[in-house]
Amino acid sequence: MTEQAPPQEPRVELTPAAADLIRRLRTDHGPLMFHQSGGCCDGSAPMCFPDGEFRTGASDVLLQSLEIEGVAEPVPFWMSVSQYEVWSHTRLIVDVVKGRGSGFSLEAPEGVRFLIRSRLLGT
(Lines give C-alpha, C1' and ligand atoms only; values in the text may rest on other atoms or scores of the structure.)
Protein backbone atom coordinates (compact mmCIF):
# COMPACT_ATOMS: atom_id res chain seq x y z
CA MET A 1 0.00 0.00 0.00
CA THR A 2 1.38 3.45 -0.90
CA GLU A 3 1.50 6.38 1.48
CA GLN A 4 -0.28 9.61 0.68
CA ALA A 5 1.02 13.00 1.77
CA PRO A 6 -1.33 14.70 4.24
CA PRO A 7 -3.65 17.26 2.60
CA GLN A 8 -2.27 20.79 2.95
CA GLU A 9 -1.62 23.63 0.58
CA PRO A 10 -0.86 22.42 -2.96
CA ARG A 11 2.43 20.54 -3.04
CA VAL A 12 2.89 20.71 -6.81
CA GLU A 13 2.13 23.47 -9.28
CA LEU A 14 2.74 23.86 -12.99
CA THR A 15 4.08 26.74 -15.00
CA PRO A 16 1.93 27.65 -18.02
CA ALA A 17 4.59 26.07 -20.29
CA ALA A 18 4.43 22.79 -18.34
CA ALA A 19 0.63 22.74 -18.48
CA ASP A 20 0.73 23.33 -22.26
CA LEU A 21 3.20 20.49 -22.74
CA ILE A 22 1.14 18.14 -20.58
CA ARG A 23 -1.94 18.90 -22.70
CA ARG A 24 0.02 18.02 -25.87
CA LEU A 25 1.45 14.85 -24.33
CA ARG A 26 -2.03 13.82 -23.13
CA THR A 27 -3.36 14.16 -26.68
CA ASP A 28 -0.56 11.95 -28.03
CA HIS A 29 -0.22 9.38 -25.22
CA GLY A 30 -3.47 9.25 -23.23
CA PRO A 31 -3.69 9.62 -19.44
CA LEU A 32 -0.39 10.60 -17.80
CA MET A 33 1.48 10.37 -14.50
CA PHE A 34 4.66 11.88 -13.05
CA HIS A 35 7.28 10.32 -10.83
CA GLN A 36 10.02 12.29 -9.09
CA SER A 37 12.84 10.08 -7.89
CA GLY A 38 15.88 10.95 -5.86
CA GLY A 39 18.39 9.86 -8.49
CA CYS A 40 21.31 11.93 -9.65
CA CYS A 41 21.53 14.13 -12.74
CA ASP A 42 18.51 13.56 -15.00
CA GLY A 43 17.33 10.87 -12.58
CA SER A 44 16.31 13.71 -10.28
CA ALA A 45 14.11 15.34 -12.94
CA PRO A 46 10.37 14.70 -12.91
CA MET A 47 9.56 11.93 -15.35
CA CYS A 48 6.28 11.84 -17.26
CA PHE A 49 4.86 8.45 -18.28
CA PRO A 50 1.60 7.05 -19.59
CA ASP A 51 -0.49 6.54 -16.45
CA GLY A 52 0.34 3.21 -14.84
CA GLU A 53 3.49 2.60 -16.90
CA PHE A 54 5.73 3.41 -13.93
CA ARG A 55 4.91 1.09 -11.04
CA THR A 56 4.51 2.81 -7.71
CA GLY A 57 4.53 1.06 -4.37
CA ALA A 58 5.29 1.40 -0.68
CA SER A 59 8.42 3.40 -1.45
CA ASP A 60 6.39 6.19 -3.13
CA VAL A 61 4.18 9.06 -1.93
CA LEU A 62 1.33 10.53 -3.97
CA LEU A 63 1.96 14.26 -3.57
CA GLN A 64 -0.96 15.50 -5.59
CA SER A 65 -3.36 14.68 -8.39
CA LEU A 66 -2.95 17.65 -10.71
CA GLU A 67 -6.10 19.15 -12.20
CA ILE A 68 -5.11 20.68 -15.54
CA GLU A 69 -7.50 22.64 -17.72
CA GLY A 70 -8.02 20.77 -20.98
CA VAL A 71 -6.97 17.39 -19.52
CA ALA A 72 -9.89 15.06 -18.86
CA GLU A 73 -8.48 13.35 -15.77
CA PRO A 74 -6.16 14.32 -12.92
CA VAL A 75 -2.45 13.67 -13.47
CA PRO A 76 -0.96 11.95 -10.39
CA PHE A 77 2.42 13.25 -9.22
CA TRP A 78 4.41 10.67 -7.23
CA MET A 79 7.70 11.01 -5.38
CA SER A 80 9.95 8.43 -3.76
CA VAL A 81 9.60 8.37 0.03
CA SER A 82 13.32 9.04 0.48
CA GLN A 83 13.10 12.14 -1.72
CA TYR A 84 9.92 13.26 0.05
CA GLU A 85 11.73 13.14 3.40
CA VAL A 86 14.22 15.69 2.06
CA TRP A 87 11.70 17.87 0.17
CA SER A 88 8.71 17.64 2.53
CA HIS A 89 8.93 21.37 3.33
CA THR A 90 8.89 22.51 -0.31
CA ARG A 91 6.38 23.23 -3.01
CA LEU A 92 7.45 21.77 -6.33
CA ILE A 93 7.01 23.89 -9.42
CA VAL A 94 7.11 21.84 -12.63
CA ASP A 95 8.59 23.85 -15.49
CA VAL A 96 9.86 23.10 -19.00
CA VAL A 97 13.27 24.02 -20.39
CA LYS A 98 14.88 23.51 -23.79
CA GLY A 99 17.20 20.55 -24.14
CA ARG A 100 16.85 16.82 -23.95
CA GLY A 101 17.17 14.87 -20.77
CA SER A 102 18.60 11.39 -20.82
CA GLY A 103 15.60 9.62 -19.34
CA PHE A 104 12.52 7.82 -20.58
CA SER A 105 10.17 10.75 -19.96
CA LEU A 106 7.59 11.33 -22.70
CA GLU A 107 8.73 14.87 -23.50
CA ALA A 108 12.26 13.82 -24.58
CA PRO A 109 11.46 13.68 -28.33
CA GLU A 110 10.03 17.24 -28.11
CA GLY A 111 13.52 18.71 -27.51
CA VAL A 112 12.52 19.91 -24.04
CA ARG A 113 12.52 18.46 -20.55
CA PHE A 114 10.57 18.92 -17.37
CA LEU A 115 12.46 20.56 -14.53
CA ILE A 116 11.61 21.09 -10.87
CA ARG A 117 11.90 24.48 -9.28
CA SER A 118 10.95 24.76 -5.63
CA ARG A 119 10.08 27.15 -2.86
CA LEU A 120 9.36 26.71 0.82
CA LEU A 121 5.78 25.90 1.68
CA GLY A 122 3.90 28.94 2.92
CA THR A 123 5.85 31.35 0.71
Please say yes or no: joined through hydrophobic side-chain contacts below 4.5 Å, possibly via intermediate residues, are [X] and [Y] part of one cluster?
| X | Y | result |
| --- | --- | --- |
| Leu121 | Ile93 | no |
| Leu21 | Ile116 | yes |
| Val94 | Val71 | yes |
| Leu115 | Phe104 | no |

So which atom in [X] and which in [Y] form the shortest heavy-atom distance, rounded to 0.1 Å?
| X | Y | answer |
| --- | --- | --- |
| Leu32 | Pro76 | O-CD, 3.4 Å |
| His35 | Phe49 | CB-CE1, 4.3 Å |
| Thr90 | Ser118 | CB-CB, 4.2 Å |
| Val96 | Thr15 | N-OG1, 4.3 Å |
| Glu67 | Pro74 | OE2-CG, 3.4 Å |

Is there a side-chain contact between [X] and [Y] in this structure, where contact means two heavy atoms from C-beta onward sitting under 4.5 Å apart?
| X | Y | result |
| --- | --- | --- |
| Glu107 | Arg113 | yes |
| Arg117 | Val97 | yes |
| His89 | Leu120 | yes |
| Trp87 | Leu92 | yes |
| Met47 | Gln36 | no |

Rounded to the nearest 0.5 Å, how far does [atom2] of [Y] lie from [atom1] of [X]?
| X | Y | atom1 | atom2 | value |
| --- | --- | --- | --- | --- |
| Ser59 | Met79 | OG | CE | 13.0 Å |
| Leu63 | Gln83 | CG | CD | 10.0 Å |
| Leu106 | Arg26 | CG | CZ | 12.0 Å |

May I ask you to decide if Ser88's main-chain N or O and Arg11's side chain share a donor-acceptor pair within less than 3.5 Å?
yes
Donor-acceptor pair, side chain of Gln64 and main chain of Val12, under 3.5 angstrom
yes
Residues Glu13, Arg119: salt bridge by 4.0 Å N-O rule:
yes
Taking atom CZ as the centre, does Arg23 end up with more than 12 heavy-atom neighbours from other residues, nucleotides or ligands that are less than 6.0 angstrom away?
yes
For a side chain to side chain contact (heavy atoms under 4.5 Å, CB included) check, start with the C-alpha distance between Cys48 and Leu25, then their side-chain angles and the critical distance, and finish with the verdict.
CA-CA 9 Å; Cys48 184; Leu25 292 173; 4.2 Å; yes
Is it the case that the side chains of Asp60 and Ser80 hold a donor-acceptor pair, with the cut-off being a distance below 3.5 Å and no angle test?
no
Just jot down the ring pair (Phe, Tyr, Trp, His ring centres under 6.0 Å) partners of Phe34, sequence neighbours excluded, or say none.
Phe77, Phe114
Name the residue from Asp51, Leu62, Leu66 that meets the side chain to side chain contact (heavy atoms under 4.5 Å, CB included) definition with Met33.
Asp51
